[in-house]
Amino acid sequence: NSSGADGLSSLRQHFDVLVESCVEGIRKPDPMIYRLACQRLAVDPEFALFVDDIGGNLKPARDMGMLTVKALPDDEGGHQ
């Protein structure tokens with residue numbers, strides 16, 4: 001992700017767990033990245049929500065039982 005260290009620092013305060021593909025050496029859509037997040041949260045995939053703006057990244061999460069939501073771009077080029 002290109003958000004930089006400052007972006008991640010401010011993001012961390014809002015989440016119990018942050019799994020970074022660059023740290024783990026596993027990238028979406030590899031199912032292991034989703035399993036790792038669930039393991040670290042100590043939740044079954046059926047109790048997890050995965051949000052992404054790329055449909056191909058949603059499918060493996062959905063296949064393992066996660067609820068998935070596709071983030072759509074807003075009128076200003078960001079995401080909703």
Tell me which donor-acceptor pairs under 3.5 Å the side chains of residues 27-34 have, and how far apart each pair is, sequence neighbours excluded?
from: K28; atom 1: NZ; to: D52; atom 2: OD2; distance (Å): 2.7
from: D30; atom 1: OD1; to: M32; atom 2: N; distance (Å): 2.9
from: Y34; atom 1: OH; to: N57; atom 2: O; distance (Å): 2.6

[atom1]/[X] to [atom2]/[Y] distance, rounded to the nearest 0.5 angstrom?
X	Y	atom1	atom2	result
E20	I26	CD	CD1	12.5 Å
L72	D53	CG	CG	9.0 Å
L36	S21	CG	OG	11.0 Å

*Close side-chain approach of C38 and M64, heavy atoms under 4.5 Å*: no

_Side chains of F50 and L58, heavy atoms from C-beta outward: is any pair under 4.5 Å?_
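SC-SC contact between F50 and L58 confirmed.
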
_With ring-ring contact (aromatic ring centres under 6.0 Å, His included) as the rule and sequence neighbours excluded, what pairs involving residues 8-29 come up?_
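Non-adjacent pairs meeting ring-ring contact (aromatic ring centres under 6.0 Å, His included): zero.
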
*With sequence neighbours left out, what residues match E24 under side-chain hydrogen bond (donor to acceptor under 3.5 Å, both in side chains)?*
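By the side-chain hydrogen bond (donor to acceptor under 3.5 Å, both in side chains) rule, E24 matches R40.
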
*With sequence neighbours excluded, tell me which residues meet side-chain hydrogen bond (donor to acceptor under 3.5 Å, both in side chains) with R62.*
T68

*asked:* Hydrophobic clusters here meaning ILVMFWY residues chained together by side-chain heavy-atom distances under 4.5 Å, can you tell me if V43 and L67 are in one?
replied: no

*Would V17 end up clustered with M66 when hydrophobic side chains under 4.5 Å apart are linked, directly or stepwise?*
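Yes.
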
*Excluding sequence neighbours, so at least two apart, what forms salt bridge (Lys or Arg N to Asp or Glu O under 4.0 Å) with D63?*
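Expected list: K59.
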
*By salt bridge (Lys or Arg N to Asp or Glu O under 4.0 Å), which residues pair with K70, not counting sequence neighbours?*
none

